[in-house]
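Positions are given from 1, in the same order as the sequence printed here. Below, all heavy atoms of this structure are taken into account, side chains as well, without hydrogens, waters or symmetry copies.
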Amino acid sequence: MKLTILGGGGFRVPLVYGALLTDRAEGRVTEVVLHDLDAGRLSAVGRVLAEQAAAVPDAPTVTTTTDLDEALRGADFIFSAIRVGGLEGRADDERVALAEGVLGQETVGAGGIAYGLRTVPVAVDIARRVARLAPDAWVINFTNPAGLVTEAMSRHLGDRVIGICDSPVGLGRRIARVLGADPNEAWIDYVGLNHLGWVRGLTIAGRDELPRLLADPDLLGSFEEGKLFGVDWLQSLGAIPNEYLHYYYFNREAVRAYQHAEKTRGAFLADQQARFYDEVGAPGAKALDVWDRTRAEREATYMSENRETAGAGERDADDLSGGYEKVALALMRAIARDERTTLILNVRNQGTLSVLDHDAVIEVPCLVDANGAHPVSVAPLPDHATGLVCSVKAVEREVLAAAGSASRATAVKAFALHPLVDSVNVARKLVEGYTSVHPGLAYLK
């Protein structure tokens, strides 16, 4: 079975390959093709993968290419993990937004819109090529903003593109652990959009245990989200929000923290990964050791400004191991081998949430089998969550419209309608700022 990874020179690719090395079952991936526009990054990641595979018999073969069509032909699965504009582009997204006093995070607010406007045209081109060159392939989208990009690709690939994110899975596992339960035995009632969802229940052996957690201040304050959001706020919500909702519920504090940080997250990662690729390329370098050390630092500093604002302290050791690669492998196994499972995924709504149309991509539990991912029926969201979901989905639709029409005015509208951008004049300044620093937005007229 052939797996193609787009963005194959990316730092997190060894996580995926490491997960593949643990799969010894029949029907496993035997061929991995890495595609990237940067041959140097491909070479560096290839060295890490070679060291990972050194002691593993019959490890999947790895080839690299900068030819997209070559990479797609004959693929059974395609992982899309591209970053249009690179980490330098992410740093610019943050800098331009913060200069206007609004959030520049890569998936939330102004930064997410800018990133989406750069990425959607490229993702659409990939989807069209997949439809032509590998029509039977399944596309698993890692590319952020994951919900928005998955929806853009679904207009050309239908339900054969599925978006994944490790945030909901990590949240569910943390809740289960604090309740003393096996996360693998829990049913997680999670619903929303990517990076904009809530756990409303966690059922173990037929009983919803979330009320017990919400009623116990000590237990509720003992894990990541309790520390981040505060016990009182979680009890008021009656649910546990995805960590990215901290940017909405504590927006002023988050913006202030990012403005006073020594470096934005994008700038930090750009510098860190530049050092990584340089080190791996040095003669005699132990590529896997360098990668492990760099990854540990990356995970430990994740959302550090938010945790500092909330006084949440350091991340727990159990939260430093990543997880999106496990979701991807579980999804691929379920489809390729008809190993039925339940995963929280980004898929077309298909009537699951009545307030959104059929084609709107949402993030919900899905039953997965050989025919793909099927969203599970869920109860309606409360009014406060419905309002936020509908508002952000409307913004995503404006981003898709702007990317499809190359309309600068529609791009301004997308920024102006976002709940975290508080002025039409600021929206105009954001579009001016982003188009001046990003060649990838030159198409907006």
Side-chain angles (χ1 to χ4, degrees), residues 4-16 34-49 64-68 71 78-99 103-126 141-146 148-149 152-153 195 258 261 263-281 287 290-291 294-295 297-299 301-302 324 399 403 430-431 433-444:
T4 292
I5 302 179
L6 308 182
F11 179 78
R12 295 205 291 180
V13 168
L15 290 172
V16 175
L34 306 181
H35 171 270
D36 205 286
L37 300 178
D38 188 325
R41 288 166 62 96
L42 279 175
S43 177
V45 170
R47 284 193 285 274
V48 177
L49 270 52
T64 64
T65 181
T66 56
D67 184 321
L68 178 57
I78 299 163
F79 289 0
S80 180
I82 64 174
R83 180 175 289 281
V84 180
L87 285 169
E88 294 77 10
R90 175 175 176 176
D92 285 337
D93 289 343
E94 295 162 338
R95 179 180 55 79
V96 170
L98 289 173
L103 189 70
Q105 205 275 336
E106 72 163 333
T107 63
V108 178
I113 294 171
Y115 190 23
L117 287 168
R118 285 202 312 281
T119 304
V120 164
V122 179
V124 167
D125 177 64
I126 290 170
N141 179 53
F142 297 57
T143 301
N144 278 325
L148 171 65
V149 172
M153 298 183 83
H195 289 181
Y258 277 79
K263 289 181 179 179
T264 65
R265 180 65 173 172
F268 167 79
L269 290 176
D271 290 345
Q272 185 204 50
Q273 291 194 22
R275 291 194 304 272
F276 162 75
Y277 288 106
D278 286 344
E279 284 188 57
V280 169
V290 175
W291 179 80
T294 306
R295 181 179 66 87
E297 180 188 30
R298 174 192 176 111
E299 295 295 338
T301 56
Y302 174 71
Y324 88 126
V399 172
L430 289 168
V431 171
Y434 285 131
T435 54
S436 70
V437 298
H438 289 314
L441 293 180
Y443 72 90
L444 292 173

| message | Could you measure the distance from the CD1 atom of Ile82 to the CG atom of Leu68? Nearest 0.5 Å is fine. | response | 9.0 Å

| note | When rounded to the nearest 0.5 Å, the distance separating CG of Asp271 from CD of Glu88 is 9.0 Å

| query | If you draw the axis of the six-membered ring of Tyr324, does the NZ or CZ of Arg12 fall within 45° of it and under 6.0 Å from the ring centre? | reply | yes

| query | Counting N and O atoms only, with roles assigned by atom type, does the side chain of Thr65 sit under 3.5 Å from a partner on the main chain of Ala71, one being a donor and the other an acceptor? | reply | no

| said: If you compare all heavy atoms of Leu42 against all heavy atoms of Gly8, which two are closest, and at what distance to 0.1 Å? | reply: CD2-C, 3.8 Å

| field | Contact check, side chains of Leu6 and Phe142, non-hydrogen atoms, under 4.5 Å | value | no

| Note, Glu279 side chain near Thr294 side chain (heavy atom, < 4.5 Å) | no

| From Leu87 CG over to Glu94 CD, what is the distance, rounded to the nearest 0.5 angstrom? | 9.0 Å

| Taking C-beta and beyond as the side chain, do Leu117 and His438 meet within less than 4.5 Å on heavy atoms? | no

| said: Can a donor-acceptor pair be found, under 3.5 Å and without considering hydrogens, that links the side chain of Ser43 to the backbone of Gly40? | reply: no

| For the student: nearest non-hydrogen atoms of Val280 and Ala287, plus distance | CG1-CB, 3.9 Å

| task | Find out whether Tyr443 and Leu441 are in side-chain contact, i.e. whether some heavy atom of one side chain is under 4.5 Å from a heavy atom of the other. | result | yes

| message | Within the structure provided, determine whether Arg265 and Arg90 are in side-chain contact (heavy-atom separation under 4.5 Å). | response | yes

| Any side-chain heavy atom of Phe276 within less than 4.5 Å of one from Val48? | yes

| note | dist Arg83:CZ -> Phe11:CZ (nearest 0.5 Å) comes out at 12.5 Å

| query | What heavy-atom pair brings Asn144 and Tyr115 nearest, and what distance separates the two atoms? | reply | O-CE2, 3.2 Å

| In Å, rounded to the nearest 0.5 Å, how long is the span from CG of Leu49 to CD1 of Ile5? | 7.5 Å

| From Leu37 CG over to Thr66 OG1, what is the distance, rounded to the nearest 0.5 angstrom? | 8.0 Å

| request: Step by step, work out the salt bridge (Lys or Arg N to Asp or Glu O under 4.0 Å) result for Arg95 and Asp92. | output: CA-CA 5 Å; Arg95 179 180 55 79; Asp92 285 337; 3.2 Å; yes

| query | Is there side-chain contact between Leu430 and Ile113, with heavy atoms separated by less than 4.5 Å? | reply | no

| remark: When every non-hydrogen atom of Gly116 is compared with those of Pro121, the smallest separation belongs to O-CD, 4.4 Å

| field | side-chain contact (heavy atoms from CB on, under 4.5 Å) evaluation trace for Arg47 with Trp291 | value | CA-CA 10 Å; Arg47 284 193 285 274; Trp291 179 80; over 6 Å; no

| remark: Shortest non-hydrogen pair, Val45 vs Pro14, comes out as CG1-CD, 4.3 Å

| Sub-3.5 Å donor-acceptor pair from the side chain of Arg118 to the main-chain atoms of Gly440, do we have one? | no

| field | Considering all heavy atoms, the nearest Ala403-Val120 contact | value | CB-CG1, 3.7 Å

| query | Should His195 and Glu106 count as side-chain neighbours, where that means a heavy-atom distance under 4.5 Å? | reply | no

